[in-house]
K.L.:
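Below is a structure I'd like to ask you about.
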Amino acid sequence: MDSSNINSNLNSQSEIATSGNQQRTEQAPLAKISDTIASLTVCDYLGGLAVMLIFLAITRMISQTGLGKKSKRVREVEFLERVWKMDASKINH
């Protein structure tokens with residue numbers, strides 16, 4: 001056998017082996033996602049739940065502070081208006 005013939009034979013075999021390895025490691029995106037989900041543990045799920053709850057708590061706190069920005073003076077005026085309306089209703093009857 002000629003040495004160039006041996007080299008070409010070895011090169012073609014290594015290319016076949018390399019392409020075979022690439023086919024095994026490449027997966028469809030759905031297969032990757034399902035493998036990732038299957039490898040998750042209970043701690044991973046609990047950690048994700050904790051992060052979600054913290055996020056919801058922070059967004060709720062931010063939204064409530066935006067709604068409750070009435071000054072003390074405005075709250076006192078609203079209270080006095082309610083009292084005045086109550087007194088006015090008693091006087092008219």
Side-chain angles (χ1 to χ4, degrees):
M1 258 189 159
D2 191 344
S3 66
S4 64
N5 199 10
I6 293 172
N7 286 338
S8 65
N9 192 12
L10 289 174
N11 286 338
S12 65
Q13 286 178 357
S14 67
E15 288 174 7
I16 291 171
T18 305
S19 65
N21 288 338
Q22 288 175 349
Q23 288 175 355
R24 281 187 228 128
T25 56
E26 293 178 5
Q27 293 179 343
L30 290 177
K32 289 179 184 179
I33 292 171
S34 65
D35 288 345
T36 303
I37 291 173
S39 68
L40 294 175
T41 63
V42 173
C43 293
D44 294 328
Y45 286 109
L46 292 176
L49 179 64
V51 169
M52 183 183 66
L53 290 175
I54 290 170
F55 175 76
L56 289 175
I58 291 171
T59 55
R60 187 172 180 186
M61 287 175 10
I62 291 171
S63 66
Q64 284 182 348
T65 56
L67 296 175
K69 285 193 172 187
K70 292 182 181 177
S71 68
K72 185 178 179 182
R73 183 179 175 100
V74 171
R75 283 183 273 144
E76 288 175 353
V77 169
E78 288 175 349
F79 175 72
L80 290 174
E81 286 175 347
R82 285 195 307 267
V83 170
W84 178 76
K85 287 179 185 176
M86 288 172 43
D87 288 342
S89 67
K90 289 180 183 176
I91 294 170
N92 290 336
H93 288 102

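Throughout, numbering of the chain's residues begins at 1 and tracks the sequence. The structure presented is a predicted model; accordingly, all values stated were derived computationally and were not measured.
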K.L.:
Other members of the hydrophobic cluster containing V77, with the 4.5 Å side-chain heavy-atom rule, please.
P.N.:
none

K.L.:
When the side chains of residues 51-60 are checked against the rest of the protein, which donor-acceptor pairs come out under 3.5 Å, sequence neighbours left out?
P.N.:
from: T59; atom 1: OG1; to: F55; atom 2: O; distance (Å): 3.2
from: T59; atom 1: OG1; to: L56; atom 2: O; distance (Å): 2.8

K.L.:
Which value, rounded to the nearest 0.5 Å, describes the distance between D44 atom CG and T36 atom OG1?
P.N.:
11.0 Å

K.L.:
Between CD1 of I37 and CG of L30, what distance do you get to the nearest 0.5 Å?
P.N.:
9.5 Å

K.L.:
Got a sec, which residues hit salt bridge (charged side-chain N to carboxylate O under 4.0 Å, His left out) with E76, two or more places apart in sequence or on another chain?
P.N.:
none

